[in-house]
Structures are given as C-alpha cells and as structure tokens.
Amino acid sequence: MPAATSNTSYFDSIHEHATPELAKDIAQDQQRLEEIAARIKQLRSEAVERIAARGKDRAGTLQQSLQRDVELNELAQRLRQLDLVGPYACLGYMQFAQTGERLYIGRAGLSDAQGKQLMVDWRTPAAEPFFAATHEESYGLSMRRRYRWLRQRISDYWDEVFDSSQLQSHTRLDDHSSFLASLGSKRSPKMQDVLSTIQSDQDAIIRSSSRGALVVDGGPGTGKTVVALHRAAYLLYADQRLRSQGGKVLVVSPHEAYSSYVSDILPNLGEDDVLIATLSNIVSIGQDLPAEQDPEVQRIKSSAAMLSALKKAVEVFEEPPATEVVLDIGEFQATATAQLWRDAVGMIDSETPHNEARIQLREALVDLLLPQLAGSNAPEPQLRADAARSSALGALLNEYWPILDPLNLLKALYSTPALLRYSGSELTDDQIEKLLSAPRPVAWTTSDIPLIDYSRYLIGDQDSETSHRDEQSRILAERNRWTNVIDDLMASADDKEDLASQLMHHDLQERLLSHSLESPLAKESFDGPFSHVVVDEAQDLTDAQWAMIQRRCPSGSLTIVGDRAQAVDGFSTSWEQRLASIGIHDISISRLRVNYRSTAQIMEAAAAQILPEMPEANVPQSLRANGAPVRYAHPSHLKKILDQWLAENNEGTAAVIGLPGFPASERVSVLTPEHAKGLEFDLVLVCQPENFGQTRRGAVRRYVAMTRATAQLVILAEQ
Ligand SMILES: Nc1ncnc2c1ncn2[C@@H]1O[C@H](COP(=O)(O)OP(=O)(O)OP(=O)(O)O)[C@@H](O)[C@H]1O
C-alpha cells in the first residue's frame with residue numbers, strides 16, 4: 001500500500017479498526033487518491049518548468065515569439081486550473097452494480113501519463129449518476145462515496161449503498177451522519193464548498209437546459225444559491241448553446257455582502273470569469289446611494305410607466321424641424337425639410353442610442369442632401385466630407401438632435417413640469433405632482449439606479465462622436481499591425497502552405513486578433529450582452545430593475561432564484577404571472593423543499609412568524625432535527641449573550657439583526673433584515689423584532705432575519 005499523504009491520512013485512522021473488506025476497500029480508495037495527487041503534482045511541475053523554459057526564449061523569428069506567447073498564456077491558464085482544482089480534486093466515486101467498476105469524480109477530468117482515466121469531470125454526462133442516483137433510481141450503481149474535505153484534507157466520507165449485497169462491507173450504511181455533520185459545521189465569511197454533496201433534485205436543476213427562464217423557487221436555506229452558482233459553472237462548461245453565444249455570464253447579487261460571501265464558489269469550480277455584481281455596481285455612479293425615503297416616490301420610480309416617460313423625454317430631443325432649414329455648405333445652399341429629416345432618421349438603426357445615432361444621422365443627412373450639391377466640381381468624397389464637417393449641418397444637429405447627458409436628462413425630467421407632464425402620459429396626475437414636489441436639487445437614491453441605467457442605454461456615451469473616431473483609428477491601427485505581423489510570418493516561413501493553413505485553420509490568428517482588439521475595459525463591462533444571467537433574491541426586483549437585467553440578456557436565458565415569502569414588499573401573484581407581466585413567457589419552475597441551513601427548532605419559530613400572514617408560504621422541512629432550542633431574552637442581554645458565545649466558540653460567525661448602531665467586528669456582522677438576505681451565521685441575534693412592523697412586511701422581515709441562523713437563534717424582545 002502506498003504511504004499515506006497528508007490529504008488522505010483520515011483513512012489511516014479508520015484503517016486501524018476496519019474489517020478486512022473495509023481495509024481492502026479503503027486501500028483501493030487511498031491508492032487512487034494518491035495517484036490523483038501525484039499526477040496533479042507532476043502536471044503542475046511540468047507546467048512550471050515549461051513556463052520557466054519558454055519564458056527565457058528571447059531570440060527567434062516573429063513567428064516563434066508569437067507562438068511562444070500563445071503557449072505561455074495556455075500554460076499559465078493550465079497552472080491556474082491545477083491550482084484551483086488541486087487541493088480538493090476528487091469528490092468521491094460511484095461503483096457500478098454489474099461490473100463492480102469504480103468511477104472517480106473530480107472537479108476536473110484527469111488521466112495518468114499512460115492515458116488511464118483517474119477521474120472524470122463532474123460536469124460530464126458520465127459523472128451524472130454520481131449526483132443523480134437515489135434509492136428509487138440507482139442508475140445502475142451499487143454504491144456511492146462522497147468525501148468531505150476540510151482544510152485541504154479529507155476529514156470524512158459518506159457512503160450510500162444502493163445494492164443490498166454491498167451492505168456487509170461498509171461501515172456507514174446510508175448513514176447521513178457525515179452529511180448532517182457537514183451541514184452543522186461552523187460557518188466562515190465565505191460560503192462553504194458543497195460540490196461533493198449536491199443532492200439529486202439540486203443536480204437535476206443544475207443540469208437542466210439553458211433555454212428560456214428557469215425559476216428556482218424554495219424556502220430559506222434550500223440551496224437555491226448553491227444550485228444557481230453550480231448551474232452557472234455547469235452551463236459554461238457543458239452547454240453548447242451558451243458557449244456559441246460568447247459564454248459571458250452575469251450573477252446579479254442583492255447586496256455587496258452577498259457578492260463577497262459567494263465569491264469563492266465559482267473560482268473553486270474552475271470558473272473565474274463570471275461577473276458577480278449588484279445593480280448599483282452595474283450602474284456605478286461613483287458613490288453609495290441612500291435608499292429612497294418616500295415609499296410612494298419609490299413605487300413611481302420602480303414602475304414601467306417611468307421608463308416610458310424617460311423614453312418619451314429623449315424623443316422630445318429628436319423632433320424634426322417644423323419648417324425648412326436652409327444650409328450653407330461651401331459655396332452651395334441645400335434645404336433640409338421635415339420630410340428629408342424624417343427620411344434620414346428612418347435610415348438610422350433604431351436600436352442605436354441617441355448620441356451615437358447622431359453619427360448615423362449626420363451620414364444619412366449628407367446622403368440625402370448630396371443631390372442638391374450637384375453643381376459642384378469637387379469629387380464626391382470631397383463633397384461628402386465638406387458637407388459632413390460643415391458648421392451649418394453641425395448647427396442643425398445641435399438644434400434638432402442635440403448631444404444629451406443621461407443624468408441631466410433624468411434630472412430635467414424630475415424637475416421640469418412641462419417635460420414630465422408631456423412625457424409621463426402613463427403616470428397619473430398625482431404621481432406627476434408627487435415627483436415634482438420632491439426636494440430640490442435632485443439627490444440620487446437607490447430607486448434612481450434603473451432609471452439612470454435606462455437613460456444611459458437610451459442616450460449612450462456623451463463623447464460618442466469623439467470615442468467613435470478614436471475607436472475607429474485604434475481598430476485600424478491594430479488591424480494594420482496584425483496584417484504586418486502576419487505578412488512577416490508568411491515571409492519568414494519555410495513552408496508557406498503549412499504556415500497559411502496554420503494561420504487559417506489553427507485559431508492562432510483569430511485569437512490574437514480578437515484579443516488585441518478587445519477594449520481594455522471590455523472584460524469588466526456590465527453592459528453585456530450576457531449569454532446567461534443568474535438573478536438571486538429575484539422576488540424583490542421591481543419592473544424597472546427587471547428591465548435593466550432583461551436588456552443585458554437578449555437570449556432570455558435566465559436562472560431566477562427566489563422565495564415569494566421573503567419578498568419584503570409583497571409578492572401576491574405566482575411566478576408565472578409576475579414574469580409574464582414583464583414580458584418573460586418562456587418559463588419553467590423547479591422547487592426545492594429541504595432546508596440544509598437551519599435546525600428544525602429555528603424553522604419552527606420562523607414559520608410561526610410567516611404562516612399567519614402568508615399561509616401559502618413555501619416553508620421548507622429542516623434536515624437537522626436535533627438543534628438547540630430557540631432562546632428568548634431581554635434586549636439588555638444582547639452584549640452578554642454575544643460575548644459569551646464568542647468566548648465559547650473560537651470559530652464561526654454571528655449576526656446582530658435589527659440594531660444598526662451595534663459595533664460590528666471580524667466575526668460579528670450588524671445588519672438590517674434586508675441586508676441579511678442570502679447570508680447565514682452560526683448565531684443570529686434578532687433585536688426587537690416587534691419593531692420590524694406589524695403588517696405582512698414586518699412578518700417577512702422577521703422570517704428573513706430568523707432563517708439566517710444555522711445553529712442558534714436568540715430573540716431579544718421587550719416581552
Ligand atoms: N447539497 C448540499 N450539501 C451541503 N450543504 C448544502 C447543500 N445544499 C445547500 N447547502 C447549504 O445550505 C445552506 C443554504 O444554502 P443557500 O444559501 O444556497 O440557500 P438559499 O435557498 O439560497 O437560502 P436563502 O433563500 O435563505 O438565501 C448553505 O450553507 C449551503 O452550503
């Protein structure tokens with residue numbers, strides 16, 4: 001038997017007490033894990049050596065240095081993948097009933113130097129039974145073993161036996177204890193990695209098609225977020241449709257703390273290109289915006305009617321001239337009529353933002369005015385250039401299609417009665433008066449985010465004419481540079497046909513060209529389009545916020561994660577009705593019903609809050625029944641209870657919810673119920689929940705706050 005290494009030493013400890021069958025089984029297991037670890041180590045050192053050697057290559061032809069750069073890039077990527085996967089490479093194995101063969105499942109596929117398969121990638125169809133098998137449908141498996149990793153070591157394993165003939169040789173026969181133990185372990189500021197214990201119902205959602213919108217509905221702690229993030233990684237790897245659309249994925253996060261909490265999950269799954277952003281990050285106006293204080297103003301700004309008002313306000317600045325305008329172009333005169341203007345506008349691509357459309361409009365006007373300059377002796381290109389640059393045409397555009405500033409237009413809409421009354425035809429008179437009566441000067445709030453975003457979408461970049469010119473010259477220069485590079489390559493190559501086919505068929509040229517043409521900001525751009533968007537806490541999104549997301553996902557491929565019972569502002573319809581109201585019709589709904597987070601005692605207390613207000617709430621069943629009782633105490637005991645818990649637990653996290661001024665620390669978060677959404681803590685102290693409100697809104701806030709606890713819940717109330 002190979003010597004034990006650090007990440008398999010757990011098996012040594014159970015080896016001592018094992019039956020002969022179990023000892024043989026463990027030895028086989030241990031050997032495969034050693035082979036995997038050794039192979040990763042070998043591949044890693046080969047990659048490092050190759051990088052060191054290729055990095056020193058300076059001399060050579062242009063072709064050689066080009067290939068060297070491509071190779072270095074690929075090696076660096078390979079190394080990064082090995083480092084990501086390495087410490088927790090193997091998730092477990094499944095054994096087939098008929099052949100007795102074991103197939104090991106990993107975060108990535110791996111073969112040894114002779115080509116023997118050591119483990120298969122979790123996202124491949126071959127790996128599916130590992131996640132999908134249940135006692136009802138075993139997929140031909142006799143058993144499955146899942147490892148539990150802790151600090152880069154296997155700390156435990158969990159066996160499930162599907163074939164009764166195997167019962168004698170396993171110590172942990174369908175014993176959920178290892179799995180349950182992992183659910184009860186102490187939390188850290190980062191969401192834990194649970195790939196190896198993904199359950200069959202979760203797996204079915206992860207692997208379902210990317211077509212249309214998939215709603216993942218479930219109560220608190222049912223693994224909706226886990227499923228959505230694993231689904232993003234799965235689709236990026238396995239879904240041809242998604243990859244053919246560019247494979248850009250966006251995860252819309254409800255708040256910054258959530259973004260940070262889940263930020264390790266996708267990199268641990270080998271995906272570090274997925275963008276996670278709040279709606280504020282997407283708009284980014286360089287400051288943290290306060291929430292809108294007036295609920296009525298908040299409602300108006302969240303409505304589709306407000307988006308229509310904004311669109312109409314932009315159109316006010318696109319009206320044709322009422323009378324003919326005579327333009328002096330060089331020594332000639334040309335007349336722009338309202339009809340000529342309309343014809344020119346008809347030549348613009350209707351999706352182009354206002355400021356960028358000015359570039360197209362200028363060209364279209366020149367096209368239509370050109371016949372009126374027929375008497376000129378100048379060649380046509382010269383005539384066109386003169387007309388396009390003429391100050392008369394510039395003045396015409398400035399008057400009837402001025403360059404707009406997206407933020408100023410929105411401010412103007414809020415504060416100019418005539419503009420708001422004209423544009424806001426879908427708003428009621430009361431709503432218009434409400435907006436006009438808001439304090440001046442306009443101070444942005446979070447409710448303005450979707451409107452700012454829409455205004456930017458409609459209007460585009462203020463400097464678009466200059467940027468357009470700069471971008472054109474950049475692309476031209478880049479193309480020339482690469483044409484020269486490729487010409488040089490062709491000139492220096494011995495076998496031209498071979499090189500030409502390399503350039504044409506090997507994707508070298510394409511990759512280099514497209515990389516070099518990518519704007520430096522493109523990777524971080526939140527403008528999309530994205531081929532798939534994951535939306536968490538989707539029950540809270542307003543119409544205007546949905547519009548922001550839909551614009552970024554023209555394919556309509558969405559994973560929508562939510563729980564109607566956690567909607568603070570109410571969610572009285574079904575998912576189908578809600579999504580249909582914003583134009584999403586291609587929907588399928590999957591439900592999750594088991595709570596992996598909170599003990600039964602915590603869920604019972606939380607259910608008592610929500611069910612009287614919302615009897616149809618999807619309250620999930622807790623998997624862990626043996627928890628501590630919920631504790632009730634006077635608010636004055638908060639500090640004492642917290643200090644005692646910190647002294648007794650040197651690991652784990654706590655949250656104080658509902659007492660904003662309380663001092664936070666490394667292990668103690670201080671949150672409102674809204675900002676606690678999506679998060680979880682070992683200990684949750686809910687402060688004065690009676691102040692959260694008496695209506696349904698209050699019940700939802702209490703429910704959200706209480707269901708953040710994994711192990712201990714303390715309610716601090718006056719009575
Ligand atoms: N298959 C699983 N194996 C182990 N742990 C799991 C599994 N599924 C979910 N969990 C754990 O359950 C907890 C809750 O998961 P998650 O945050 O995804 O739930 P959620 O449905 O999004 O909850 P909420 O609606 O309250 O935000 C997390 O600690 C997660 O790691």
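Numbers here simply count residues along the sequence, with the first being 1. Both ligands and their constituent atoms are indexed starting at 1 by order of listing.
The single protein non-hydrogen atom nearest to atom 18 (O) of ligand 1 is Val226 N, 2.9 Å, given as residue, atom name and distance. With hydrogens left out, the protein atom closest to atom 16 (P) of ligand 1 is Gly223 CA, 3.7 Å, a heavy atom. Protein heavy atom in closest approach to atom 3 (N) of ligand 1: Thr197 OG1, 2.7 Å. In terms of protein heavy-atom proximity, atom 10 (N) of ligand 1 is closest to Tyr596 CB, 3.6 Å. Summary of contacts: the protein heavy atom closest to atom 22 (O) of ligand 1 is Thr225 OG1, 2.8 Å.
In this structure, Arg123 pairs ionically with Asp121, as a charged nitrogen and a carboxylate oxygen lie closer than 4.0 Å. A salt bridge links Asp543 with Arg578: at least one charged nitrogen is closer than 4.0 Å to a carboxylate oxygen.
Checking Ser555 against His532 by side-chain atom types alone, no donor-acceptor pair falls below 3.5 Å. Side-chain atoms of Gln199 and Tyr596 form no donor-acceptor pair, as typed in the model, at a separation below 3.5 Å.
For atom 26 (O) of ligand 1, the choice among Lys677, Gln202, Arg597 with the nearest heavy atom turns out to be Arg597.
Heavy atoms of Ala228 come nearer than 4.0 angstrom to ligand 1 in no pair at all. Using a non-hydrogen distance threshold of 4.0 Å, Gly218 does not register as a contact of ligand 1. The closest approach between any non-hydrogen atom of Gln566 and ligand 1 is below 4.0 Å. Heavy atoms of Thr222 come nearer than 4.0 angstrom to ligand 1 in at least one pair.
A donor-acceptor pair under 3.5 Å is formed between the side chain of Glu537 and the backbone N or O of Gly678. At distances below 3.5 Å, at least one donor-acceptor pair connects side-chain atoms of Lys224 with backbone N or O atoms of Gly218.
Inclusion of Gly221 in the set of residues having an N or O under 3.5 Å from an N or O of ligand 1 is warranted. Not one N or O of Val194 is nearer than 3.5 Å to an N or O of ligand 1, by distance alone.
At a heavy-atom cutoff of 4.0 Å, ligand 1 is contacted by the side chain of Glu680 but not by its backbone. Contacts between Asp536 and ligand 1, counted as non-hydrogen atom pairs separated by less than 4.0 Å, are absent for every part of the residue.
Contact atoms of ligand 1 toward Gln192: 29 (O), 31 (O) (distance under 4.0 Å to a heavy atom of the residue). Numbered from 1 in the order shown, with element, the atoms of ligand 1 that lie under 4.0 Å from a heavy atom of Arg708 read 24 (P), 26 (O), 27 (O). Atoms of ligand 1 lying under 4.0 Å from at least one heavy atom of Ile198, given by number and element, are 1 (N). Shown in contact with Gly678 at under 4.0 Å from a heavy atom are these atoms of ligand 1, numbered in order with element: 27 (O). Short contacts between ligand 1 and Gly219, defined as distances under 4.0 Å to a heavy atom of the residue, involve ligand atoms 21 (O).
Within the 4.5 Å cutoff, no side-chain heavy atoms of Asp264 are placed close to those of Met191.
With Glu160 as the fixed residue, the side chain to side chain contact (heavy atoms under 4.5 Å, CB included) test singles out one of Met94, Arg146, Arg145: Arg146.
Between His135 and Phe162, the ring-plane angle classifies as tilted under the 30° and 60° cut-offs.
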